[in-house]
2 protein chains.
Amino acid sequence: MDHLQTGENLLFLTDDQVRKGIEAMFFAYRGFTADPDRILEGMDYGRAHHRALHFIHRSPGTTVNNLLAILGVTKQSLNRVLRSLIADDLVESRVGHSDKRERHLHLTEKGAALERRLSDAQRARLRAAYRAAGPGAVQGFRLVLEAMMDEDANRQYQSLKEANI
Amino acid sequence: MDHLQTGENLLFLTDDQVRKGIEAMFFAYRGFTADPDRILEGMDYGRAHHRALHFIHRSPGTTVNNLLAILGVTKQSLNRVLRSLIADDLVESRVGHSDKRERHLHLTEKGAALERRLSDAQRARLRAAYRAAGPGAVQGFRLVLEAMMDEDANRQYQSLKEANI
DNA sequence: GATTTTACGTCAGCCTTGTTGACTTTCCAA
DNA sequence: TTGGAAAGTCAACAAGGCTGACGTAAAATC
């Protein structure tokens, strides 16, 4: 089987070629998380804490339930992470004004500082990759990733407030 | 800051734009692993078993040490996985011919069948994503991922035997 | 030929991060 | 006004990483 391509944008790729894409995802994801992981090792935090900080930063005031939907884990799992972040004064949990069952989450100064440090490292790697791959590649990268997401993940992803891309 | 682009292939992207790439990786990776995860849940296996099956399939006869280097885990961790795969007759471990210290790993019929089932599902999703993103996007996708890998991961990745891309 | 190194396996114990189950507090609607 | 649903918390367990220590066989080195 050759890698031709017909009029409709239907791609003919061999299984081996697609498999290479699969391995690219595997190895790339390891690089993607390597820098934050390195920063966090030694602190009492891990990747789960990084994710929580990231999405609280992205949507200040978000509720635990919102965060749950985005992260796709159980509330008990998230709670453990939030508890330590709150105890260490990285995250502030404010009881809801209208609905007192809700907790609205915000980063403290300290939390924002760590989040910045983590995302700076991760952004630096992504920028470097973009630069190495060239301007044309960035669009393709994003398109394939978006098409790879589940329906609901894609909705979460698209609903970024600052969707100025 | 605008997203301009100068003569050198240096990209100016806002932090928010790069952050969106970061989130794309996060959500896409979840989709990427979702189908195999679903297949494996219920069996006594997990993502670690899938990875082992994948790379043994890719390089039949590979040694434990090779696999260790590719997967980037400790031998104790890998051993736990291999032990159960061997016990369940999905993987065969053959003592080395020239060097009897080595164990060469092969999939059994049963192991190959499960590997096929898992990779078929994963390939189907990737093909669908490629098709949705269009022919031009695939190249960019791969370029950015490759640039995102660590040095040694990239070497592992590039040293595919069937590197007919 | 003796020693050291390599490849592999295993036991024990720890940590992170997922899970389910059971529980409070709060809200809302019948 | 009361009973169910929703938001959040606590407890206990499992998967899959990790380190450290040890054993065995084979290979390599001196």
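Proteins get letters first, then strands, A, B, ... in listed order; numbering begins at 1 in each. Any value given below was found using the heavy atoms of this structure, including those in side chains, with hydrogens, waters and symmetry copies removed.
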Tell me: [atom1] of [X] to [atom2] of [N], nearest whole Å?
X: Asp44(A); N: dC14(C); atom1: CG; atom2: P; result: 16 Å
X: Arg47(B); N: dT19(C); atom1: CZ; atom2: C1'; result: 14 Å
X: Asn79(A); N: dA12(D); atom1: CG; atom2: C1'; result: 15 Å
X: Glu41(B); N: dA14(D); atom1: CD; atom2: C1'; result: 14 Å
X: Leu105(A); N: dG8(D); atom1: CG; atom2: C1'; result: 11 Å
X: Asn66(A); N: dA6(D); atom1: CG; atom2: C1'; result: 13 Å
X: Gln76(B); N: dG16(D); atom1: CD; atom2: P; result: 16 Å
X: Arg101(A); N: dT9(D); atom1: CZ; atom2: P; result: 14 Å

Between [X] and [N], is there a contact of a side-chain N or O with OP1 or OP2 at under 4.0 Å?
X: His49(B); N: dA15(D); value: no
X: Thr74(B); N: dG17(D); value: no
X: Asn65(B); N: dA7(C); value: yes
X: Arg51(A); N: dT17(C); value: no

Between Ala48(A) and Lys75(A), name the one whose nearest nucleotide on DNA chain C is closer to the 5' end.
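Looking at the nearest nucleotide for each, Ala48(A) comes out on the 5' side.
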Could you name each residue pair satisfying ring-ring contact (aromatic ring centres under 6.0 Å, His included) that touches residues 79-105 of chain A, not counting sequence neighbours?
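Output for this query lists His97(A)-His104(A).
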Evaluate the ring planes of Phe55(A) and Phe26(B), with Trp represented by its six-membered ring, and classify them as parallel (under 30°), tilted (30 to 60°) or perpendicular (over 60°).
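Plane angle between 30° and 60°, so tilted.
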Give one of base, sugar-phosphate or nothing for Arg80(A), where a contact means two heavy atoms less than 4.0 Å apart.
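If one applies the 4.0 Å heavy-atom cut-off, Arg80(A) turns out to touch a base.
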Give His104(A) one of three labels, base, sugar-phosphate or nothing, depending on what nucleic acid heavy atoms sit under 4.0 Å from its own.
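Contact class for His104(A): none.
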So, for Phe27(A) and Phe32(A), is the gap between ring centers shorter than 6.0 Å?
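Judged by ring-centre distance (under 6.0 Å), Phe27(A) and Phe32(A) do not meet the cut-off.
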For DNA chain C, which residues of residues 84-99 of chain B approach it to below 4.0 angstrom with any heavy atom?
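Nucleic-acid contacts, sorted: none.
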If you check the Arg103(A) side chain, which of dT9(D), dC8(C), dC18(D) turns out closest?
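Between dT9(D), dC8(C), dC18(D), the one nearest the side chain of Arg103(A) would be dT9(D).
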